[in-house]
Structure formats: C-alpha cells, structure tokens
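The structure under discussion appears below in the form of structure tokens.
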Protein chains: 2
Amino acid sequence: MMEIHEKKFDCPVTATLELIGGRWKAPILFYLSKGTRRFGQIDATISGISRKVLTEQLKDLEKDGLIIREYYKELPPRVEYSLTEFGQSLSSVFNAMVHWANENLVKK
Amino acid sequence: MMEIHEKKFDCPVTATLELIGGRWKAPILFYLSKGTRRFGQIDATISGISRKVLTEQLKDLEKDGLIIREYYKELPPRVEYSLTEFGQSLSSVFNAMVHWANENLVKK
DNA sequence: AATAGTAGTAACAATATTGTAACTAATGAT
DNA sequence: ATCATTAGTTACAATATTGTTACTACTATT
C-alpha cells in the first residue's frame with residue numbers, strides 16, 4: 001500500500017501516476033532532468049502550457065518533493081527550478097517510457 | 001516525432017502517457033497484464049470505476065491496439081479482454097513504475 | 001410468461017482541469 | 001517619476017473527465 005499525501009493506493013502504477021500523471025507534469029520533469037531551468041525557460045519550452053497552469057504544476061511538484069524552487073532577489077528577479085534527488089530517481093521511469101516510445105511508436 | 005491517431009508529439013514521454021495516462025488506463029492494462037479477464041472481473045477489481053467509464057476506457061484501449069475484445073455468444077454472454085503484443089510491450093514501462101514505487105514510496 | 005445473469009448503453013449531472021486576459025510586485029536604469 | 005523585465009496572481013470562462021441512475025439485449029432455466 002502506497003501513501004501520497006493522505007491518499008492511499010493499492011496499485012503502484014496508479015501511485016506513480018498520481019505524482020507524474022496529467023497533461024504537464026511529466027514533460028516538465030523530463031525537461032528539468034536536463035538541468036536547472038528558469039520559470040521563463042520552462043514556459044517557453046513546454047509548448048502550449050499557460051503561465052497559470054505552469055505555476056500550479058510547479059507548486060504541486062514542489063509540494064510532492066520532486067523539484068526545488070530557488071528565488072534570487074535580483075532584478076529582474078530570477079527563479080530557478082531543479083529536480084530534487086527524489087525527482088531525479090524518476091529517471092528510471094522516464095527512461096523506460098522514452099525507450100518504449102522509440103521502439104514502438106511511429107516516427108515521422 | 002511520434003504520431004498517435006493524427007496527433008503529433010515531440011516528447012516521447014507525453015506520447016506514451018497519451019496512451020496509458022488518465023485515471024484508469026494504466027490500472028486496467030496492469031491488471032490485464034496478469035492474464036485475460038472478463039468485463040465483470042475488471043469492473044469488480046478496479047475499484048471505484050463505473051461501468052460506463054470502464055466501457056469507454058476499454059474502447060479507447062482497443063482502438064489504440066493495446067487490448068483485444070472477444071465476444072462469446074454464450075449465455076449469459078461472455079466478453080474477454082486481453083493484451084495484444086503491443087499492449088504487452090508496455091510491461092517494461094509498468095515494471096519501471098512498480099520498481100520505482102516500491103523503492104521510493106512509503107509503504108504502510 | 002416471467003426471471004436471472006452478463007455486458008453493456010443513454011440521458012443527464014457533477015467535478016476537475018485547463019485556458020484567457022488583465023493585473024501585481026519588485027527595483028535598477030533612463 | 002516612469003519604464004522595462006521576470007515571475008508570478010486573480011477572476012472568470014470554457015472544456016474535459018468522470019459519475020449516477022435507469023434502461024436494453026440476449027436467451028436458458030424455472
């Protein structure tokens with residue numbers, strides 16, 4: 001039985017997708033796996049996401065301990081996001097997806 | 001670039017989650033990976049899903065070539081669902097998730 | 001002829017997710 | 001004092017997803 005903020009999951013796959021599922025979390029995490037990025041960079045790279053939703057997703061990911069937010073009191077202000085160790089540990093899952101997609105989905 | 005029924009994805013992770021993401025598809029596929037199952041068995045095992053949503057998800061999965069539906073004209077009628085080879089190929093992805101969850105999520 | 005059991009469907013309601021557009025906070029440079 | 005720039009927030013709207021309840025089709029058994 002897995003537990004993620006009060007909710008319980010009997011299926012490990014569902015528990016995992018609770019953290020990385022949805023339209024945006026996986027692409028954000030996958031992008032951050034390439035290195036630390038600023039808010040604006042993520043916004044520009046993850047095409048289609050709005051700033052509001054991006055903020056929400058980043059907050060969720062931070063709350064779940066997958067990423068860290070670092071605010072620099074510069075000007076203009078700079079905010080950097082990076083994976084925690086916990087977030088980095090997901091690379092095994094993403095690697096499996098990337099490998100599977102490359103082997104099994106049509107490439108054009 | 002991956003293509004799944006007209007939609008294009010530049011991110012392999014997004015492309016994969018397009019097929020197995022959402023609230024129910026992964027648990028259904030994961031359950032079917034244990035063997036062929038009848039509609040009623042899936043309904044009884046995947047707790048919380050309604051019959052309507054289960055039907056919809058099964059149709060999606062069939063359309064995407066991940067499962068096969070076999071109808072037996074018996075009585076009472078019997079309908080069996082099982083993974084296709086394509087569906088079975090996802091086991092690498094599910095295994096990665098199960099392994100990650102077991103290593104990284106609190107067990108209670 | 002009515003009943004029971006499996007695998008659904010139909011109409012509708014509720015909830016959750018995502019999007020849009022305009023606005024704010026901070027502050028060094030002009 | 002105003003402007004520019006980054007990283008947001010707020011109020012609201014639209015869309016998508018999921019759920020509820022009642023109903024259907026099939027036909028062997030009672």
Side-chain angles (χ1 to χ4, degrees), chain A residues 4-7 9 11 13-14 17-29 31-32 35-64 66-82, chain B residues 4-7 9 11 13-14 17-29 31-32 35-64 66-82:
Chain A
I4 301 165
H5 36 83
E6 320 295 90
K7 292 189 194 172
F9 300 95
C11 172
V13 171
T14 301
L17 288 175
E18 176 79 4
L19 292 176
I20 67 167
R23 179 73 185 80
W24 302 112
K25 285 179 183 174
I28 293 169
L29 291 168
Y31 177 53
L32 288 181
T36 297
R37 293 290 188 275
R38 301 179 60 165
F39 181 86
Q41 290 179 297
I42 307 174
D43 187 37
T45 303
I46 307 289
S47 66
I49 197 170
S50 70
R51 292 203 284 175
K52 192 201 74 165
V53 172
L54 178 54
T55 305
E56 288 169 359
Q57 302 298 301
L58 289 170
K59 278 182 182 165
D60 272 9
L61 293 170
E62 195 190 6
K63 185 193 76 217
D64 288 337
L66 293 166
I67 65 173
I68 333 170
R69 176 183 187 275
E70 286 172 292
Y71 180 83
Y72 296 90
K73 270 183 181 278
E74 302 169 359
L75 56 317
R78 181 161 56 106
V79 179
E80 289 187 346
Y81 292 90
S82 40
Chain B
I4 300 165
H5 34 81
E6 318 296 88
K7 291 190 195 171
F9 300 95
C11 173
V13 171
T14 300
L17 287 176
E18 177 81 0
L19 293 175
I20 67 167
R23 178 72 186 80
W24 301 112
K25 285 178 183 174
I28 293 168
L29 291 169
Y31 177 53
L32 288 180
T36 297
R37 294 288 187 275
R38 301 178 59 164
F39 182 86
Q41 291 180 295
I42 307 174
D43 186 37
T45 304
I46 308 289
S47 66
I49 197 170
S50 69
R51 263 119 91 76
K52 191 201 74 164
V53 172
L54 177 55
T55 304
E56 288 169 359
Q57 301 298 301
L58 289 170
K59 278 182 180 164
D60 272 8
L61 292 169
E62 195 189 6
K63 186 193 77 219
D64 288 336
L66 294 167
I67 65 173
I68 336 169
R69 176 184 187 275
E70 286 172 294
Y71 179 82
Y72 297 91
K73 270 184 181 276
E74 302 170 359
L75 49 324
R78 182 159 56 106
V79 180
E80 288 187 347
Y81 292 90
S82 41

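Protein chains get the first letters and strands the later ones, always in sequence-line order, with residue 1 at the start of each. Below, all heavy atoms of this structure are taken into account, side chains as well, without hydrogens, waters or symmetry copies.
- The shortest distance between the side-chain N/O atoms of B:Arg23 and the OP1/OP2 oxygens of D:dG19 is not below 4.0 Å.
- One can place CG of A:Asp43 at 14 Å from C1' of C:dT20, the figure rounded to the nearest angstrom.
- When rounded to the nearest whole Å, the span between CG of A:Leu58 and P of D:dG8 equals 8 Å.
- Residue-environment remark: NZ (B:Lys73) stays at or below the threshold of 12 foreign heavy atoms within 6.0 Å.
- Rounded to whole angstrom, the span from the CG atom of A:Leu54 across to the P atom of D:dT9 amounts to 10 Å.
- Listed candidates were D:dT20, C:dA7, C:dT6. Nearest to the side chain of B:Ser50 is D:dT20.
- Listed nucleotides D:dG8, C:dG19, D:dT18 differ in distance to A:Val53; the shortest reach to its side chain belongs to C:dG19.
- In this structure, CD of A:Glu74 is placed 16 Å from C1' of C:dA29, rounded to the nearest angstrom.
- Contact annotation: the side chain of A:Tyr81 never approaches that of A:Ile28 to less than 4.5 Å [non-hydrogen atoms, C-beta and beyond].
- Going from atom NZ of A:Lys59 over to atom P of D:dA7 covers 15 Å, rounded to whole Å.
- As judged by a 4.0 angstrom heavy-atom cut-off over every strand, A:Lys73 is placed among residues making no nucleic acid contact.
- When each of C:dA11, C:dG8, D:dG8 is scored by its nearest atom to the side-chain atoms of B:Lys52, the top-ranked nucleotide is C:dA11.
- For B:Arg51 and D:dG19, the CZ to C1' distance is 14 Å, given to the nearest whole Å.
- Distance check: B:Asp60 CG to B:Thr55 OG1 gives 11.5 Å after rounding to the nearest 0.5 Å.
- When the nearest nucleotides of DNA chain D are assigned to A:Pro77 and A:Thr55 by heavy-atom distance, the more 5′-ward of the two goes with A:Pro77.
- Between B:Gln57 atom CD and C:dA7 atom P there is a gap of 18 Å when expressed in whole angstrom units.
- Where B:Phe39 and A:Gly22 meet DNA chain C, the nucleotide closest to each residue was compared, and B:Phe39 sits on the side nearer the 5' end.
- Checked options A:Leu66, A:Ile68, A:Leu32; the residue passing with A:Leu61 is A:Leu66 (criterion: side-chain contact (heavy atoms from CB on, under 4.5 Å)).
- Nearest nucleotide to the A:Glu56 side chain, out of D:dG8, C:dT18, D:dT18: C:dT18.
- A straight line from CD1 of A:Ile49 to P of C:dT17 spans 14 Å, rounded to a whole angstrom.
- Each of D:dA7, C:dG8, C:dT6 was ranked by its minimum atom distance to the side chain of B:Arg38; first place goes to C:dT6.
- At a cut-off of 3.5 angstrom, the base of D:dA7 holds no donor-acceptor pair with the side chain of A:Arg78.
- Taking the side chain of A:Pro76 as heavy atoms from C-beta on, and the options D:dC26, D:dT5, D:dG8, the nearest nucleotide is D:dT5.
- No engagement by A:Tyr72 is indicated, since no non-hydrogen atom pair under 4.0 Å with the nucleic acid exists.
- Taking CD1 from A:Ile42 and CZ from A:Arg51, the interatomic distance works out to 13.0 Å, rounded to the nearest 0.5 Å.
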